[in-house]
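Worksheet for the structure shown next.
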Amino acid sequence: DIQMTQSPSTLSASIGERVTITCRASQSISSWLAWYQQKPGKAPKLLIQRASNLESGVSSRFSGSGSGTEFTLTISSLQPDDIGTYYCHEYDSNLWTFGQGTKVEIK
Amino acid sequence: EVRLLESGGGLEQPGGSLRLSCEASGFTFSTYDMTWVRQAPGKGLEEVSVISGRDGWVNYADSVKGRFTISRDDSKNTLYLQMISLRVEDTAVYYCAGRRGHGYAMDVWGQGTAVTVSS
């Protein structure tokens, strides 16, 4: 089974600050990597798929990069609406795996 | 409007059974790979089971293999999850989600249905 490891588990940053979340896969997943944002009590929302393809309607503050086993999600300028938990997700294997999540808070 | 609506959650005793349903609308359900993802209280996301739209291929997480059965009725645009021999650790919000096929991530999600297993 593919394991996905996210870091950090919690992130506290100021409004306007650049934020980066890292996700590592236990084996190569090419670019089959998505990023989701989840707010409390809500379903996850797809932000990015294929490692770097921004979903329609998602703010351009969000960007993704990486391939193989190392991936990053960057928020260029943190805004209040960006608070929530972010999950990376591989969809290369037969049963897809999520990272453990990164909770983003405003400092 | 693209929509997934789950139902069937509730309180069940350990060893009991529940059947979750997920009704789809606003997209071509039969062509979508569909999955159930659960989230235990205060925890992360775990994919429980997947069924492909192309050929009905299914897969399960080891934690539910032999106890949960995923199925779909494309004539009713509905996804199901039959859960038997429920355990306390199955307590979670269960989301159905879908993707348009290989190479795509899950871009359609329901609002979730809560399952509580407790005596």
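Just so it is clear, the structure is predicted and the values come from calculations on it, not from any experiment. Residue numbering restarts at 1 for every chain, and letters A, B, ... go by the order of the sequence lines.
Shown here is A/E55, whose CD atom has more than 12 heavy atoms of other residues, nucleotides or ligands within 6.0 Å. More than 12 heavy atoms of other residues, nucleotides or ligands lie within 6.0 Å of CG in A/L54, so this atom counts as buried by the packing criterion. Within a 6.0 Å sphere centred on CG of A/D1, heavy atoms belonging to other residues, nucleotides or ligands number 12 at most. Counting non-hydrogen atoms of other residues, nucleotides and ligands closer than 6.0 Å to CZ of A/R24 gives a total of 12 or fewer. In this structure, A/K42 places its NZ atom where only 12 or fewer heavy-atom neighbours from other residues, nucleotides or ligands lie under 6.0 Å away.
A distance-only check finds a donor-acceptor pair linking the side chain of A/Y36 to the backbone of B/M106 [under 3.5 Å]. Remark: side-chain polar atoms of B/E47 are paired, donor with acceptor, to backbone N or O of A/W96 under 3.5 angstrom. Not one N or O on the side chain of A/R50 forms a donor-acceptor pair closer than 3.5 Å with the backbone of B/Y104.
Between B/R99 and A/Q49 the shortest side-chain heavy-atom distance does not fall below 4.5 Å.
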*Run the side-chain contact (heavy atoms from CB on, under 4.5 Å) check on B/Q39 and A/Q38 step by step: do they pass?*
CA-CA 11 Å; B/Q39 187 169 36; A/Q38 187 180 34; 2.8 Å; yes
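The minimum heavy-atom distance between A/Y87 and B/K43, with the atom names listed, is OH-O, 3.8 Å. Residues A/A43 and B/W109 come closest through the heavy atom pair CB-CB, 4.0 Å. Here the closest non-hydrogen pair linking A/A34 and B/A105 is CB-CB, 3.7 Å.
Note that the CG atom of B/D107 and the CG atom of A/L47 stand 12.5 Å from one another [nearest 0.5 Å].
Proximity to chain A (any heavy atom under 4.5 Å) is shown, for B/V108, by neither the backbone nor the side chain. Of the two parts of A/P40, neither the backbone nor the side chain holds a non-hydrogen atom closer than 4.5 Å to a non-hydrogen atom of chain B. Of the atoms belonging to B/Y60, it is backbone heavy atoms, and not side-chain ones, that fall under 4.5 Å from chain A. Contact of A/K45 with chain B is not made at all, since no heavy-atom distance falls under 4.5 Å.
Placement of A/F98 and A/W35 in two distinct hydrophobic clusters is found when ILVMFWY residues are connected by side-chain heavy-atom separations under 4.5 Å, directly or transitively. Under the 4.5 Å side-chain contact rule for hydrophobic residues, B/Y95 and B/I70 do not share a cluster. No continuous path of ILVMFWY side-chain contacts below 4.5 Å connects A/L46 to B/L4, so the two sit in separate hydrophobic clusters. By the rule that hydrophobic residues join a cluster once side-chain heavy atoms approach within less than 4.5 Å of another member, B/V64 and B/I84 end up as members of separate clusters.
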